[in-house]
Amino acid sequence: MSNDQTMDLGHVMRDRREKLTSLRTMNVNPFAYEFDRTHNAGDILADFDSYIEKEVSVAGRLMSIRKMGKAAFAHLMDSSAKIQFYIRLDQVSEDEYAVFKLCDIGDIVGIKGKVFKTHAGEISILVSGFELLTKNLRPLPIVKEQIVDGEKKVFDAFTDTEMRYRQRYVDLVVNPQVRETFVARSKIITAMRQYLDNKGYLEVETPVLQPVYGGAAARPFTTHHNALDMTLYMRIADELYLKRLIVGGYEGVYEISKDFRNEGIDRTHNPEFTMMELYVAYKDYKFMMNLVEDMVTFIAKTVAGTTKINYQGEEINLDPPWPRLSFFDAIKKYTDLDLAGMDRHGLLQTAGQLDVELEDFWGNAKILDEIFSEKVEPHLIQPVFICDYPVELSPLAKKHRDDPRLVERFEPYIAGREMGNSFSELNDPIDQRERFESQVAMREAGDEEAHALDEDFIRALEYGMPPTAGLGMGIDRLVMLLTDSASIRDVIFFPTMRQE
RNA sequence: GAGGGUGUAGCUCAGCCGGUAGAGCAGCGGCCUUUUAAGCCGUCGGUCGUGGGUUCGAUUCCCGCCACCCUCACCA
C-alpha cells in the first residue's frame with residue numbers, strides 16, 4: 001500500500017483508515033460480501049402509494065448526511081435514483097447506529113425499513129436495519145443541491161474536465177446527467193442494432209488487426225505480432241473485409257466496432273471511435289439514403305421520443321425526407337461558383353479567391369474537398385444528403401451511371417457535421433486496381449493518408465461481388481447529436497488522454 | 001503542429017501591482033430524534049502544477065517544462 005498517497009490527501013484519508021480499524025474492532029467487515037435488496041430507489045419514488053408503510057430494503061452510495069445527534073437524515077443513490085432515509089437511535093440497535101455514525105459520504109450501505117413521507121413531503125425510508133457494505137476511503141467531491149421553485153440548483157458541481165475524463169467513475173457518481181448520456185448511448189446502439197436486425201441483416205465481426213489497412217483515408221496505428229514476426233495495423237475501417245463477405249454470399253452484413261486512426265484529437269475526433277458499417281447486396285446508394293433517414297428517425301424516436309431535437313442551441317428536424325444536393329450544386333449554392341469540370345488552374349485560382357489554403361501535393365479532388373469543407377459544411381445544419389462526389393476522392397465507390405467524373409456516393413450532414421459515408425460499391429476489379437494505383441501514386445507524392453493497394457481484396461472482387469450499397473456511420477457523432485453533447489469526449493467513457 | 005487561456009485545501013473558488021495564503025462545502029470534536037445547500041460552537045487542513053531565474057524575500061514578476069481547455073491546422 002502506498003502510504004505516500006494517503007499522506008497526499010492529508011488527514012481525511014488517514015481518518016477513514018482509522019475508521020476501518022474501529023469498524024473491525026466492532027466486528028463489522030467494512031467490505032461486505034453481499035446484501036439482499038428488495039427494491040430500487042426509483043421503484044419506490046415512482047409509486048409511493050403502493051409502497052407506503054411497506055418494508056423495503058435498498059442499497060446504494062451515501063450522497064448526503066444530516067446528523068442530529070440521536071437521529072439523522074441521509075440520501076443514498078442506486079443506479080435508478082436517490083432516496084432519503086431517516087435513521088433514529090430508537091429504531092435500530094446501538095451497534096447499528098454506531099456503525100452509521102462512522103459512515104461518510106461515498107460509503108455504500110444497505111438499509112431496511114418502512115416507506116413514509118416526511119413533514120416536508122419527501123418520500124423516505126424509516127430505517128430499522130442498517131449495514132455498511134463498502135467503506136469509502138477517498139473523499140468524493142461534495143455536490144450539494146437545492147430545490148428552488150421546482151428547479152434544481154447545484155452547488156460546487158464537479159466540473160474540472162480533466163478530472164472528469166481521467167476519473168470518469170467519479171464523474172458518473174456525482175454528475176447524474178453524465179450517467180444519462182451514456183445510458184442514451186447504449187440505447188442508441190441497441191436501437192440501431194434492432195433496426196438492422198429487423199431488416200434481416202447479419203451482424204458480423206471482422207479483424208481489428210490487419211496486415212494491410214484500408215477502407216478509408218487515414219494514418220493507422222502500427223503494431224507487431226511476435227510469433228509471426230509481422231507488422232500489423234489496427235483497422236481504420238471495416239469496409240474491405242465486409243465486402244469480402246458480400247463476395248462470399250451474404251446479402252446484408254453489418255458490424256458495429258471500434259476503428260483506430262492515428263490522427264489529431266479534438267472535440268469531434270478520438271483516436272479510437274465507434275463505427276457502424278453496413279453492406280447490402282443488389283442495392284445502390286439511393287437505397288442507402290432512404291435507409292439512413294429511416295434508421296436515424298427510428299433511433300431518435302426510440303431514444304428521445306421525438307424527431308425534433310435541439311443540438312447546441314440549434315433546432316434540428318430529423319423528419320424525412322432529407323433534401324439531396326449534389327456536391328457541385330452545394331458549392332454553387334454557398335459560393336455562387338460552378339466548379340464542375342474546372343481545370344487545375346481554375347481551381348487554384350478559385351481557392352485563392354475564397355481564401356482556402358492548400359498543400360502542394362494535393363490533387364484537384366482534394367482541393368475541391370477543402371473548398372467544400374470550408375465554404376459549405378458549416379451551413380449544413382438541417383439534415384441533408386450531399387451526393388455525387390468527384391471520383392478521385394472515392395477510390396472504393398462506383399462511377400456515377402450518368403457522369404464518369406463522379407461517383408455514386410453520399411454523405412449525410414447534420415449540424416454541420418459529416419455523420420456518415422455511403423456509396424454504390426465499386427465491384428469492377430479492373431477499375432478498382434486502377435483506383436488503388438492512383439492512390440499509390442498520391443501516396444508517393446506525399447499524401448500519407450492515401451489508400452494502400454490490397455491485392456487480396458482485388459482477388460475477391462475478381463470472383464464477383466454483386467451490386468452492393470455500403471454505408472459507414474460514426475456512432476459517437478450520432479450520440480453527440482442525440483444527447484446534445486459538444487465534445488466527443490462527453491460520449492466516450494474513457495477518452496484518450498496523455499498519461500498522467 | 002501554431003496561437004490564446006487555465007492550474008491555489010478533498011471539491012468549488014477568492015487573493016497576491018513581491019513580504020511564504022483565505023472563504024464556503026467536506027473532515028475532526030461538542031450540542032442537537034422530521035432534516036434537506038440542516039443549524040450553532042470549536043478545530044484540523046496547503047512544499048499556491050513543476051523546474052529554473054531576478055530579488056534581502058516569489059504563490060505573485062520573467063523563462064523553460066507538464067497537464068487540461070478553447071481557436072486554427074489535419075482527419076470521421
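So that the names make sense, note that chain A is the first sequence line, chain B the second, and so on, each numbered from 1. Quantities reported herein were computed from a predicted structural model and do not represent experimental measurements.
- Here the nucleotide nearest the side chain of A:R88, chosen from B:U34, B:C25, B:C11, is B:U34.
- When Watson-Crick and G-U wobble pairs are counted only if both distances are under 3.5 Å, B:U34 pairs with no nucleotide at all.
- Among B:A73, B:U12, B:U33, the nucleotide with an atom closest to any side-chain atom of A:T159 is B:U12.
- A 3.5 Å limit on both hydrogen-bonding distances identifies B:C70 as the Watson-Crick or G-U partner of B:G3.
- Ion pairing between A:E96 and A:K112 fails under the 4.0 Å rule for side-chain N and carboxylate O.
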Sugar-phosphate or base contact per nucleotide [nucleotides 36-43 of chain B; S, B, -; heavy atom under 4.0 Å]: BBB-----
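- Phosphate contact (OP1/OP2 of B:C68, side-chain N/O of A:R166, threshold under 4.0 Å): present.
- Listed for the A:E277 side chain is a donor-acceptor partner under 3.5 Å among the backbone atoms of A:D238.
- Both tests pass for A:R409 against the ring of A:Y389: distance under 6.0 Å to the centre and angle within 45° of the axis.
- Among the protein residues, A:A72 comes within range of no part of the nucleic acid, since none of its heavy atoms lies under 4.0 Å from any strand.
- For A:F73, the listed nucleotide lying nearest its side chain is B:U34; candidates were B:U34, B:U33, B:C74.
- Pairing for B:C16 is absent, with no Watson-Crick or G-U wobble pair whose two atom distances lie under 3.5 Å.
- Side-chain atoms of A:P139 lie closest to B:G10 of the nucleotides B:C74, B:U12, B:G10.
- Figure legend. B:U60 is base-paired to no nucleotide; pairs are counted as Watson-Crick or G-U wobble with both atom distances under 3.5 Å.
- Atom CE in A:M163 sits about 11 Å away from atom C1' in B:C68, given to the nearest Å.
- Contact annotation: A:R498 does not reach the phosphate of B:C66 (side-chain N/O to OP1 or OP2, under 4.0 Å).
- When heavy atoms are screened at a 4.0 angstrom cut-off, A:F273 is found touching base atoms of the nucleic acid.
- A:F260 is not listed as a side-chain neighbour of A:F273, based on a closest heavy-atom distance of 4.5 Å or more.
- Below the 3.5 angstrom threshold, one finds no donor paired with an acceptor across the side chain of A:D160 and the base of B:C68.
- Counting non-hydrogen atoms under 4.0 angstrom, A:A216 reaches nothing in the nucleic acid.
- Toward the 5' end of RNA chain B, the nearer of the two residues A:K19 and A:R219, judged by each one's closest nucleotide, is A:K19.
- The side-chain heavy atoms of A:V212 and A:Y233, taken from C-beta on, include no pair separated by under 4.5 Å.
- Taking a cutoff of 4.0 Å between a charged side-chain nitrogen and a carboxylate oxygen, A:D490 and A:R164 qualify as a salt bridge.
- Taking 4.0 angstrom as the limit, A:R164 places none of its side-chain polar atoms (N or O) nearer than this to OP1 or OP2 of B:C68.
- Taking only side-chain atoms of A:D266, from C-beta outward, the nucleotide of B:G27, B:A73, B:C68 with the closest atom is B:A73.
- With salt bridges taken as basic N to acidic carboxylate O contacts below 4.0 Å, none links A:K398 and A:E408.
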